[in-house]
Amino acid sequence: MARVAIVTGGTRGIGKAICLALKEQGCRVVANYGGNDAKARAFTDETGIPAYKWDVGDYDATIAGCAQIEQDVGPIDIVVNNAGITRDGVLDKMSWEDWNEVMRINLGGCFNMAKASFPGMRERGWGRIVNIGSINGQAGQYGQVNYAAAKSGIHGFTKALAQEGAKYGVTVNAIAPGYVDTDMVAAVPQPVLEKIIAKIPVGRLGHAEEIARGVAFLTSEDGGFVTGSTMSINGGQHMY
Ligand code: CAA
């Protein structure tokens with residue numbers, strides 16, 4: 001039976017590439033998205049993958065959204081927590097709202113999705129959770145105390161939940177992407193981005209598909225002995 005996989009923030013960028021990789025791997029894939037209806041419609045038209053809209057930072061909406069997916073598609077076997085936002089700015093200019101929105105969505109979203117899916121995985125004795133962290137959660141980044149804290153939190157969350165899931169066949173891992181050629185990275189001011197690329201030993205931005213291959217492995221049957229790990233996919237920018 002095909003595994004049911006949900007990818008949050010799955011209709012564009014890295015999330016879209018993950019959806020396609022998991023579909024190719026034989027999963028029944030569902031995407032979640034937060035805001036951009038036009039992109040979500042185009043995604044479903046192009047891939048045939050259904051897209052469900054809710055804010056993963058909203059606990060009740062996440063519980064309801066996952067329950068709806070389980071009713072429509074079946075029990076959720078694989079969760080990829082990919083949804084994330086940036087609200088960059090130096091601390092002086094960062095508002096409490098900028099801090100809180102990033103924590104609520106990027107880190108709170110992982111908690112909410114786990115609450116919705118982990119108990120069922122544990123009962124059925126099989127599950128895969130992959131949380132998309134970031135190089136900036138490992139190394140920090142000027143102008144990102146909110147994002148770096150949330151992504152760093154994801155790495156701790158991963159190791160803690162991995163310990164809870166291990167004896168029930170539920171693996172929990174993180175991927176820490178470096179700078180990948182997505183809309184999020186395109187929003188970084190060009191002179192800043194040029195300086196960042198100059199520090200990537202491989203000499204270029206990553207591609208979303210290169211992150212998706214890592215997710216495909218971690219969520220496969222072959223990944224069953226890998227848990228609590230962080231896979232860094234960053235062109236050598238931070239060796240950790
Ligand atoms: N280290 C040290 N100093 C730095 C610096 C750095 N990395 N970046 C900027 N500065 C300095 C500048 O030289 C400048 O100094 P002076 O005032 O003495 O000249 C000062 O900080 C202010 O810089 P800016 O003019 O750039 O300040 P700003 O307020 O206009 O913008 C910023 C600040 C929003 C943080 C901007 O620099 C920026 O967008 N930086 C990129 C942040 C980034 O990499 N975000 C990643 C987004 S992608 C992502 O997050 C995905 C992922 O997981 C990898």
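Remember, it's 1-based here, ligands and their atoms both numbered in the order they're listed. Basis for what follows: all heavy atoms, side chains included, without hydrogens, waters or symmetry-related copies. Counting from 1, the numbers follow the sequence of the chain as shown.
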How long is the gap from OG1 on Thr62 to CG on Asn32, to the nearest 0.5 Å? 7.5 Å
Ignoring hydrogens, tell whether any protein atom lies closer than 4.0 Å to atom 50 (O) of ligand 1; use the non-hydrogen atoms only. yes
Test your reading of the model: is there a side-chain donor-acceptor pair from Asn136 to the backbone of Ala148, 3.5 Å cut-off? no
Any protein heavy-atom neighbour for atom 5 (C) of ligand 1 (distance below 4.0 angstrom)? yes
What is the nearest protein non-hydrogen atom to atom 46 (C) of ligand 1, stated with its residue, atom name and distance? Gln144 NE2, 3.4 Å
Please write down residue, atom name and distance for the protein heavy atom closest to atom 26 (O) of ligand 1. Val192 CG2, 4.8 Å
Contact partition for Ala187 relative to ligand 1, non-hydrogen atoms under 4.0 Å: neither
Can you find a protein heavy atom closer to atom 43 (C) of ligand 1 than 4.0 Å? yes
Do Tyr179 and Asn234 pair up side chain to side chain, a donor and an acceptor below 3.5 Å, judged on atom types alone? no
With a 4.0 Å cut-off on N to O distance, would you call Arg104 and Asp55 a salt bridge? yes
Charged N-O contact under 4.0 Å between Glu46 and Arg41: no
If you scan the protein for heavy atoms around atom 19 (O) of ligand 1, do you find one that is closer than 4.0 Å? no
Can you confirm whether something in the protein, heavy atoms only, sits under 4.0 Å from atom 8 (N) of ligand 1? yes
Quick one: nearest non-hydrogen protein atom to atom 38 (C) of ligand 1, plus distance? Pro189 CD, 4.0 Å
Measure from atom 15 (O) of ligand 1 to the protein's non-hydrogen atoms and state whether any distance is below 4.0 Å. no
What protein heavy atom sits nearest atom 35 (C) of ligand 1, and how far off is it? Gly143 CA, 3.5 Å
Is there a donor-acceptor contact under 3.5 Å from the side chain of Arg28 to the main chain of Ala5? no
What I want to check is whether the side chains of Gln138 and Ser232 have a donor and an acceptor closer together than 3.5 Å. yes
Using atom types as modelled, flag every donor-acceptor pair under 3.5 Å from a side chain in residues 115-124 to any protein atom, sequence neighbours excluded.
{"from": "Ser117", "atom 1": "OG", "to": "Met113", "atom 2": "O", "distance (Å)": "2.8"}
{"from": "Arg124", "atom 1": "NH1", "to": "Gly120", "atom 2": "O", "distance (Å)": "3.3"}
{"from": "Arg124", "atom 1": "NH2", "to": "Ile76", "atom 2": "O", "distance (Å)": "2.8"}

Measuring to protein heavy atoms, does anything land under 4.0 Å from atom 32 (C) of ligand 1? no
Salt-bridge test for Asp77 and Arg128: reply yes if a basic N is under 4.0 Å from a carboxylate O, no otherwise. no
Any donor-acceptor pair under 3.5 Å linking the side chain of Glu70 with the backbone of Pro75? no
shortest atom 3 (N) of ligand 1-to-protein heavy-atom contact is with Tyr142 CE1, 3.2 Å
Establish, yes or no, whether the cationic atom of Arg3 lies under 6.0 Å from the six-membered ring centre of Trp126 and within 45° of the ring axis. yes
Can a protein heavy atom be found under 4.0 Å away from atom 23 (O) of ligand 1? no
Taking only non-hydrogen atoms of Ile196, do any sit less than 4.0 angstrom from ligand 1? yes
Which residue holds the protein heavy atom closest to atom 45 (N) of ligand 1, what is that atom called, and what is the gap in Å? Asp88 OD2, 2.8 Å
Can you check whether Ser134 has an N/O within less than 3.5 Å of an N/O in ligand 1? yes
Nearest protein heavy atom to atom 30 (O) of ligand 1, by residue and atom, and its distance? Lys93 NZ, 4.2 Å
Report the nearest protein non-hydrogen atom to atom 48 (S) of ligand 1: residue, atom name, distance rounded to 0.1 Å. Val185 CG2, 3.8 Å
For a quick test of reading the model, state the closest non-hydrogen atom pair linking Thr182 to Gly13 and the distance between them. CG2-CA, 4.3 Å
